[in-house]
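The block underneath contains the structure these notes are about, expressed in structure tokens.
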There are 2 protein chains.
Amino acid sequence: MGRSCKFIGMASSDAGVRAVAGSFGEAAASPAASAARFRVAVPSVASRVAAELRYQLAEGTLLPGEKLTEATIAEELGVSRNTVREAFAELASERLVVRHPNRGVFIASLGAGDIHDVYTVRRAIEVSSIRNGGSPERIAAVRAAVEEGRKAAEAGDNEGLGSANQHFHRAIVGLAESHRLDMIMAQVLAEMRLFFHKATVDAKFYSGWLEENDRICTALEAGRTEEAGELLLAYLNASEEKQRSVHGE
Amino acid sequence: MGRSCKFIGMASSDAGVRAVAGSFGEAAASPAASAARFRVAVPSVASRVAAELRYQLAEGTLLPGEKLTEATIAEELGVSRNTVREAFAELASERLVVRHPNRGVFIASLGAGDIHDVYTVRRAIEVSSIRNGGSPERIAAVRAAVEEGRKAAEAGDNEGLGSANQHFHRAIVGLAESHRLDMIMAQVLAEMRLFFHKATVDAKFYSGWLEENDRICTALEAGRTEEAGELLLAYLNASEEKQRSVHGE
DNA sequence: ATTCTCCAGATTGTTCAACGATTCAGCATT
DNA sequence: AATGCTGAATCGTTGAACAATCTGGAGAAT
């Protein structure tokens, strides 16, 4: 019986579209796709299920370590078990869930080692991106993220503050104008979001990096990319240290 | 009717195992998995199908742009269409195939833009890894890859030469001891393999980088990581340029 | 009391068959 | 030549089924 598909449209911002965006994002790559450039992006049901789960995951409805039962989710969302399975495959490829053969899929949880690992990736791609500078437009995007953070701070919007920080770092990676780097960064940030629910938004946690971001951005605008890279690196190291202290060990 | 599963075991070296390795590779991350640490790694059928396709892809049996029909492959490999579908999802997440909704999946092909993109990723993670040095064991692994290349050159083994080069660069990323960076590198290399079939192994293509690798490795061993990074960066830039010239535009 | 064996219940992995939806190519129409 | 239609092929999704595997506990053995 076809149910009401109540989860349509509540996809998590960009995640839901990405799966489909990938199918026409490489217009230059596949000649056959050049004709259908403006295809209407209607994500498959599987992708929407994945998006819904991503949403609940970012929202904190689903907690790390929790088990996801195929049948349950299939019924809850009114889709076939097979479709849920495809959604799981999608999420597993993003490391948001872990598959244990014959046991099921569990929401991923970052261990102490993973924290260092994630920050290693961030150091690699963020510092590399900023050291090579970027077009004026891309630099402007970085500045915009700094402004966004400042406004959120003034408004006392803690939620917006965290999101602005993510925009800042995403904008930095954006300097490189590399689709693949953007994807990697998005994935890493998604993994970290999973984690932030433990280290609940700590007021002190965000203190300080507002001006830090400003300084980094200023150095970047002035063309002192080497200095910007150093500042960013220092920030990432400090951030990792903070995370580690918050998260035991 | 259960067929003979003739493709069991012919998985492409590491690719086939990786999907499963991921399910118990994070022993520290998921506490629940600690008990079943030594589980026998029997990849699911879907993973084996994916491995088989990866193999044919690396082998050149399947060419970029080619279409993969679900039903055909399902019959050829004696598995269900649904399973093939899961395999496709796996490959799509690795960018080895591209999904066109309602049209099918096609073997990915790298365009001019993708080349630059891929090299941007490599510059970011390889240079970052080498600049931070690494443990003696990891450095020894880099040296081993250089030796492997030298021996292959002496033996006139062109095939082994290319593979040694990949080992070299993988060893460099290995310096960072980051599982995620390793995965990213493996994926990027897999993508490039797809591409090399066009720029058929050109003798001149490999000329020069043998000593280049040696010099990079020597600098690394001497602790001159900054210099090693510069050399590596120069190599990557030159390599990208070569690729671009070979590949039109 | 601890360990071992074994069994029943639950969940996953995989297959199969079916149906609507979408695309594509060829042909007819204007 | 451009447009619109029709039919075949393929994809997306569903639902049901079955074997394989895991889980947890009851009972037996030490």
Side-chain angles (χ1 to χ4, degrees), chain A residues 1-5 7-8 19-20 23-24 30-50 52 66-92 97-106, chain B residues 1-5 7-8 19-20 23-24 30 32-52 66-92 97-106:
Chain A
M1 317 85 179
R3 286 150 196 82
S4 56
C5 280
F7 59 89
I8 289 188
V20 173
S23 67
F24 63 84
S30 155
S34 58
R37 189 134 45 147
F38 291 114
R39 169 165 306 137
V40 198
V42 178
S44 71
V45 175
S47 288
R48 279 180 312 203
V49 171
E52 167 66 13
E66 196 170 331
K67 178 181 177 185
L68 299 180
T69 307
E70 294 184 355
T72 305
I73 295 188
E75 195 179 5
E76 279 180 7
L77 269 52
V79 300
S80 165
R81 194 160 74 88
N82 257 325
T83 303
V84 173
R85 193 156 245 281
E86 274 199 52
F88 282 171
E90 195 173 321
L91 295 176
V97 302
V98 180
R99 263 197 142 120
H100 289 245
N102 283 314
R103 282 172 32 84
V105 315
F106 300 80
Chain B
M1 315 87 177
R3 285 152 197 80
S4 55
C5 279
F7 59 90
I8 289 187
V20 174
S23 68
F24 63 84
S30 153
S34 58
R37 189 137 43 151
F38 291 114
R39 168 165 307 132
V40 200
V42 178
S44 70
V45 176
S47 289
R48 280 179 311 200
V49 170
E52 167 66 13
E66 196 170 329
K67 178 180 178 185
L68 299 180
T69 307
E70 293 185 355
T72 305
I73 295 188
E75 195 179 4
E76 277 179 9
L77 269 53
V79 300
S80 164
R81 193 159 73 91
N82 254 324
T83 303
V84 173
R85 191 157 246 280
E86 276 197 50
F88 281 171
E90 196 173 321
L91 295 176
V97 302
V98 181
R99 265 198 140 118
H100 288 245
N102 283 314
R103 282 171 33 84
V105 315
F106 301 80

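Everything quoted here is computed from the prediction, not taken from an experiment.
Mapped onto DNA chain D by nearest heavy atom, B:Leu68 and A:Val84 fall at different nucleotides, with B:Leu68 at the one closer to the 5' end.
If you take CD1 of B:Ile73 and P of D:dT10, they are 13 Å apart, rounded to a whole angstrom. For A:Glu70 and D:dT14, the CD to C1' distance is 15 Å, given to the nearest whole Å. B:Asn102 has its CG atom 4 Å from the C1' atom of C:dT22, to the nearest Å. Between the NZ atom of A:Lys67 and the P atom of D:dC22 there is a distance of 12 Å, given to the nearest Å. Straight-line distance from the CD atom of B:Glu86 to the C1' atom of D:dT13: 14 Å, rounded to whole Å. Rounded to whole Å, atom P of C:dC16 lies 11 Å from atom CD of B:Glu75.
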Identify all pairs in which a protein N or O lies below 3.5 Å from an N or O of nucleotides 16-19 of chain D, and state each distance.
{"from": "D:dA17", "atom 1": "N6", "to": "A:Arg81", "atom 2": "NH2", "distance (Å)": "3.1"}

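The side chain of B:Thr83 lies closest to C:dT15 when the candidates are D:dC22, C:dT15, D:dT14. With C:dT14, D:dT13, D:dT14 as the choices, the nucleotide that has an atom nearest any side-chain atom of A:Ala46 turns out to be D:dT13. In the set D:dT10, C:dT12, D:dT14, D:dT10 carries the atom at the smallest distance from any side-chain atom of B:Thr69. Distance from the side chain of B:Ser44 is smallest for C:dT14 among the nucleotides C:dT12, C:dT23, C:dT14.
Residues satisfying the side chain to side chain contact (heavy atoms under 4.5 Å, CB included) test with B:Ala87, not counting sequence neighbours, are B:Val49, B:Ala50.
The distance from atom OG1 of B:Thr69 to atom CD of B:Glu75, rounded to the nearest 0.5 Å, is 11.5 Å. Atom CD in A:Glu86 sits 11.5 Å away from atom CZ in B:Phe88 (nearest 0.5 Å).
The minimum heavy-atom distance linking A:Leu77 with A:Glu52 is given by the pair CD2-CG, 4.1 Å. B:Glu90 and B:Ser47 make their closest contact through OE1-OG, 3.5 Å (heavy atoms, listed as atom of the first residue, atom of the second, distance).
B:Ser80 places a side-chain N or O within 3.5 Å of a backbone atom of B:Asn82 that can act as its donor or acceptor partner.
Under the 4.5 Å side-chain criterion, counting only non-hydrogen atoms from C-beta, B:Arg99 is not in contact with B:Val97.
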